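A short worksheet on the structure shown next.
No experiment lies behind these values; they were computed from the predicted model shown. In the text below, chain A, chain B and the rest are named by the order of the sequence lines, each starting its count at 1. Any value given below was found using the heavy atoms of this structure, including those in side chains, with hydrogens, waters and symmetry copies removed.
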Number of protein chains: 2
Amino acid sequence: MNEVLELTRVKECSGEYVLAIHDTMNVINGKWKLPIMGSLLYGKKRFKELEREIPGITPRMLSKQLKDLELNSIVKRTVYNTTPVTVEYELTPSGKEFRSVLDVMVEWGMQHRKRVLKKIR
Amino acid sequence: MNEVLELTRVKECSGEYVLAIHDTMNVINGKWKLPIMGSLLYGKKRFKELEREIPGITPRMLSKQLKDLELNSIVKRTVYNTTPVTVEYELTPSGKEFRSVLDVMVEWGMQHRKRVLKKIR
DNA sequence: TATATCGATATACTTTTGTATAGTAGTTAC
DNA sequence: GTAACTACTATACAAAAGTATATCGATATA
């Protein structure tokens, strides 16, 4: 096989990978995105519900991060014209699928913890 | 089944999960840890090699992040008493295992990108 | 009339993270 | 002797992220 072509393919491939990882990082960066997504995994939530469920978050941060998540198509915001307005946040299909990432993060985190504790004892 | 006990178990469980995710986040936070780990996936590297391979990183950041990764048992630092000293960095078993997290991050990132593009077109 | 709720936004501030630039001690090559 | 390489460290600064606190208009409740 042509080695130059092969190298090009590898480079393109790793380029795509880097992009994909970058996208994923963008979704989870900062202190509050994962707690918000974690809370929304259990169903739709309103602003104040999220504020109450996520200890320590300020409305400013909640608002900011929700906007960010909406921009990245992770969260869908729906406004109902009740009085006063009701606003509901829910995960998009992409947001729900993110669970698979969380799952391996949990698995790796627990394995890592085990390995580190083994060495210390 | 006792509902109170069940609730306790669920809470403990989700507590462990949150801890594990927190640990995982600690490994990848900041701008440079993933590029460093990515570079080390292909084998041991010396300080200057990493500096050359990771575009834009300053020696200060490289040094800092390597120390962080070493503290978290992701990277192992070995000093050889040659003249001048040679220092080699490599991934620990935990560090190598982190590939599984990267893999789903890549997969999710690519799927997410597809879903988003579909909507725009 | 007073107070509380909802879904935020405004302003000011602190902390964390990252950048820019220079310098160190020891060694090797020209 | 001077320039370059290795593996860093020091200092100063800029930018990003997060916190604290107050406020908004509209409505519902006591």
Lys/Arg-Asp/Glu bridge criterion (N-O < 4.0 Å) met for B:K48, B:E51: yes

Taking only N and O in the side chain of B:K67, is any of them less than 4.0 Å away from OP1 or OP2 of D:dT9? yes

On the nucleotide C:dA20, are OP1 or OP2 found under 4.0 Å from the side-chain N or O atoms that B:T58 carries? no

Shortest side-chain distance from B:F47, nucleotide among D:dA7, C:dT9, C:dG18: D:dA7

Output the single nucleotide from D:dA7, D:dT9, D:dT19 whose closest atom is nearest the side chain of B:P59. D:dT9

Tell me what A:Y89 touches on the nucleic acid: a base, only sugar-phosphate, or nothing, going by heavy atoms under 4.0 Å. sugar-phosphate

With no angle test and no hydrogens, is the base of D:dT6 tied to the side chain of B:R46 by a donor-acceptor pair under 3.5 Å? no

Side chain to side chain donor-acceptor pair (under 3.5 Å) partner of B:S94, the single match among A:H112, A:K114, A:R113: A:H112

Among C:dG7, C:dA8, D:dG18, which nucleotide has an atom closest to any side-chain atom of A:V85? C:dG7

N-O pairing of B:E53 and B:K45 below 4.0 Å: yes

When you measure only distances, ignoring hydrogens and angles, does the side chain of B:R60 come within 3.5 Å of the base of C:dT17 through a donor and an acceptor? no

A:V87 versus A:F47: any side-chain heavy-atom pair under 4.5 Å? no

Assign each of B:I57 and A:T86 the nucleotide of DNA chain C bearing its closest heavy atom; nearer the 5' end lies the nucleotide of A:T86

At under 4.0 Å between heavy atoms, what does B:K31 touch on the DNA or RNA strands: base, sugar-phosphate, or nothing? sugar-phosphate

